[in-house]
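These values consider heavy atoms only, across backbone and side chains, with no hydrogens, waters or symmetry-generated copies.
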Amino acid sequence: MNSVKRQVNKWVSRSLDRHVRLAVTGLSRAGKTAFITSLINQLLHSATNPRMPLFAPVREGRVLGARRVQQSQLHIPAFDYDLGIQSLRAHPPTWPSPTRDVSEIRLEIRYRPEKGAMKLLQDTATLYLDIVDYPGEWLLDLPLLSMSFDEWSRKQSGILTGKRKELAEAWLEALDSFDPLADADEKLIGEIAAKFTAYLHACKEEGGLHWVQPGRFVLPGEYAGAPVLQFFPLVGNKYGENQLANAPKGSNYAMLKQRYDYYCQHIVEGFYQEHFSKVDRQIVLVDTLQPLNAGPASFNDMRMALEQLMQSFRYGKSGLLRRLFAPRIDKILFAATKADHVTPDQHPNLVSLLQQLIHEAWQTAAFEGIDMECVSLASIQATEPGMVNHQGDTMSALRGTLENGEPMLMYPGDVPSRLPGEAFWQDNQFEFRQFRPQQTDVDEPLPHIRVDKALQYLLGDKLR
C-alpha cells in the first residue's frame, strides 16, 4: 500500500507546478542585487521570520523552511548571496555590488500544502525557486530586432539634443573625419566605437540618463572587448542612403552594418531565447526618486527607457516576442524601490507615480491576460520614520545615516502622485539622499518594507 501511495505521490508531484523561474530586472541603480539578497534572506529565515506578515504561507506557519541548492543552469554564473550579506553585515555596512551580468540562484522551499491534490496525498511539499538576475539595459535592445542599421542610426541621431549632444562631443568629433565608403579600417572603427561607448557611459554616470542603446555596451558581461561591441551609429553622415546602399563589401559601412546585424542576431536574440523566454514570473524594479531629484531631463529619459523596456512584455499575436520566443510570463510586478528614502505618507504617491509611468503597458498586459501589479518597497530598510519640528509645526521625517557616516534627520519632500509637470520642476523642493544600510545582527532577517507583499504576489499562489 505504501508503495502504491509513493508512486501516486510521485505522479501527482510531476503533474503539478512545483517549479517557478522568477526574473529580476531594472535599470541601473534600481537595487536589483539588494532586492535579491533580501528576498533570499527573508526566505532562508522563513520558518521563524517575524518580518513577513504580508506573506500568507509564512504568516500561517505553513513554510517549514528554505535552503539554497545547486542551480539547474550550470553554465550561468551563480548569484553571490554570501558576498552581498557580507557587505550588509560589515562594520560599517555597505550596499552589495551592482548587477553586471546575468546570474542565477536556486532555493528549495519546503511547506505544508493548504489545499488540492498535494494536501490529500502528502503532508509536505517542495517548491523550487530559480531567481534569475539580469540588467534591465539588456531589455532596451529588443527594438533593435525590428530596425535596420540605417534606421537605428536615424533613431540615435534624433535623440542627440541637449545634454546628450554635449556628452557626445568627442565621439561626434571623431565621426567628422570618418569615411564610411573607405576601405574597412578595423582599428579606426574600434577607436571610434570606444568613444561612442564612453558617451553611453557618460549618459548614465554624468547625465543621469537611462535610455542607452545598445545596452551591452555599458554592461557587456562576457562580451567585454569583443568586436561585436565595436560599432556605432552613423549620424550627421555626408552620404545619402542610396550611396550607402551601394557601399562595397569591404567598406567601413559594410563592417559597421555587419557588426550591428551580428549583435542583433547573436546577442539580443540569443539573450531572449536563452533566458527571457523561459521565465515564469517577472519583477521590474524602478527607482523613481533619483530622476525626480536630478531634474526633468533625467526623469523624462527614465520614462522613455521604461517605455522601451515595456516592449519586452507586449505579447500580442503580431508582437515580436510572440513570434520569436513565445514567452510564458503570467505575472509581472513593478516595484518602486527605496521607499525607505521617503516618509511613509509618500508611499502611496510612489505607487501612483509608477502606475502613471507604465499605464500603457498595464493596459496591454490586461488585454493579453497577464496579471500585473505595482508596489512600493525597500529591499533593505536603511532609515526609520520619525518626527521633526519645523517653524512650530510637527512633520514627518526620516532618521538614518548617510553613506559618508553622517547621521541625518530630514524630510525629503513630497513625491508627485502623477507625472510631474512644469510647475513641479519650477518649485521642486524634493531632496533625495543616499543612506547606508542599518547595522543588523547576524541571526536576524534583514529589515525591509513590503518585500513580503512582493513575495505574496509572486509566490503566494504556488505555496497553497
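- Taking the charged nitrogens against the carboxylate oxygens, Lys453 and Glu373 have no contact shorter than 4.0 Å, which rules out a salt bridge.
- Below 30°, between 30° and 60°, or above 60°: for Trp171 and Phe196 the angle between ring planes is between 30° and 60°, a tilted geometry.
- Arg303 and Glu307 are joined by a salt bridge, as a carboxylate oxygen and a charged side-chain nitrogen come within less than 4.0 angstrom of each other.
- By the 4.0 Å N-to-carboxylate-O rule, Asp141 lies too far from Arg216 to be salt-bridged with it.
- By the side-chain hydrogen bond (donor to acceptor under 3.5 Å, both in side chains) test, Gln290 is found to be paired with no residue, residues two or more places apart in sequence or in another chain being considered.
- Remark: Asp150 does not engage Arg154 in a salt bridge, criterion side-chain N to carboxylate O under 4.0 Å.
- Ser277 contributes a side-chain N or O that, together with a main-chain N or O of Tyr272, makes up a donor-acceptor pair within less than 3.5 Å.
- Residues passing the side-chain hydrogen bond (donor to acceptor under 3.5 Å, both in side chains) test with Asp340: none are found, sequence neighbours excluded.
- One N or O on the side chain of Asn252 and one on the backbone of Asp179 form a donor-acceptor pair closer than 3.5 Å.
- Side-chain contact of Arg89 with Thr440: a donor-acceptor pair under 3.5 Å is present, judged by distance alone.
- Proximity of a side-chain donor or acceptor of Ser38 to a complementary backbone N or O of Phe35 within less than 3.5 Å is not detected.
- Here Arg68 pairs with Asp82 in a salt bridge; the nearest charged N to carboxylate O distance falls below 4.0 Å.
- The ring pair (Phe, Tyr, Trp, His ring centres under 6.0 Å) test applied to His201 returns no partner, not counting sequence neighbours.
- At least one side-chain heavy atom of Leu292 sits under 4.5 Å from a side-chain heavy atom of Pro420.
- For the pair Leu88/Ile380, a side-chain contact is recorded, criterion being any heavy-atom separation below 4.5 Å from C-beta on.
- Among residues two or more places apart in sequence or in another chain, the side chain to side chain contact (heavy atoms under 4.5 Å, CB included) test is passed with Glu384 by Gln381, Gln438.
- Using a 4.5 Å cut-off on side-chain heavy atoms (C-beta onward), Leu256 and Phe178 make contact.
- Under a 4.0 Å N-O distance rule, the pair Glu151/Lys155 does not qualify as a salt bridge.
- Put simply, the side chain of Tyr253 reaches to within 4.5 Å of the side chain of Leu234, judged on heavy atoms.
- Judged by the 6.0 Å distance and 45° axis criteria, Lys331 is positioned over the aromatic ring of Tyr457.
- By the side-chain hydrogen bond (donor to acceptor under 3.5 Å, both in side chains) test, Arg29 is found to be paired with no residue, residues two or more places apart in sequence or in another chain being considered.
- Look at Asp287 and Lys32 and you find no salt bridge, because none of the NZ, NE, NH1 or NH2 atoms lies under 4.0 Å from a carboxylate O.
- Side chain of Gln282 to backbone of Ala23: a donor-acceptor contact under 3.5 angstrom is found.
- Looking at Asp371 and Asp330, their side chains never come closer than 4.5 Å, going by heavy atoms from C-beta outward.
- Looking at His75, Arg21, Gln71 one by one, the single match for side chain to side chain donor-acceptor pair (under 3.5 Å) with Glu104 turns out to be Arg21.
- Counting only residues at least two apart or in different chains, salt bridge (Lys or Arg N to Asp or Glu O under 4.0 Å) contacts with residues 201-214 comprise Glu137-Lys204.
- A donor-acceptor pair under 3.5 Å links the side-chain atoms of Asn41 to the main chain of Leu446, judged by distance alone.
- Classification of the Phe430-Phe432 ring pair by plane angle, with boundaries at 30° and 60°, yields parallel.
- A centroid separation of less than 6.0 Å is found between the aromatic rings of Phe231 and Phe217.
- Under the 3.5 Å distance criterion, the side-chain polar atoms of Asn49 are matched with a main-chain donor or acceptor of Gln42.
- Between the side chains of His45 and Arg51, no donor-acceptor pair of N or O atoms lies under 3.5 Å.
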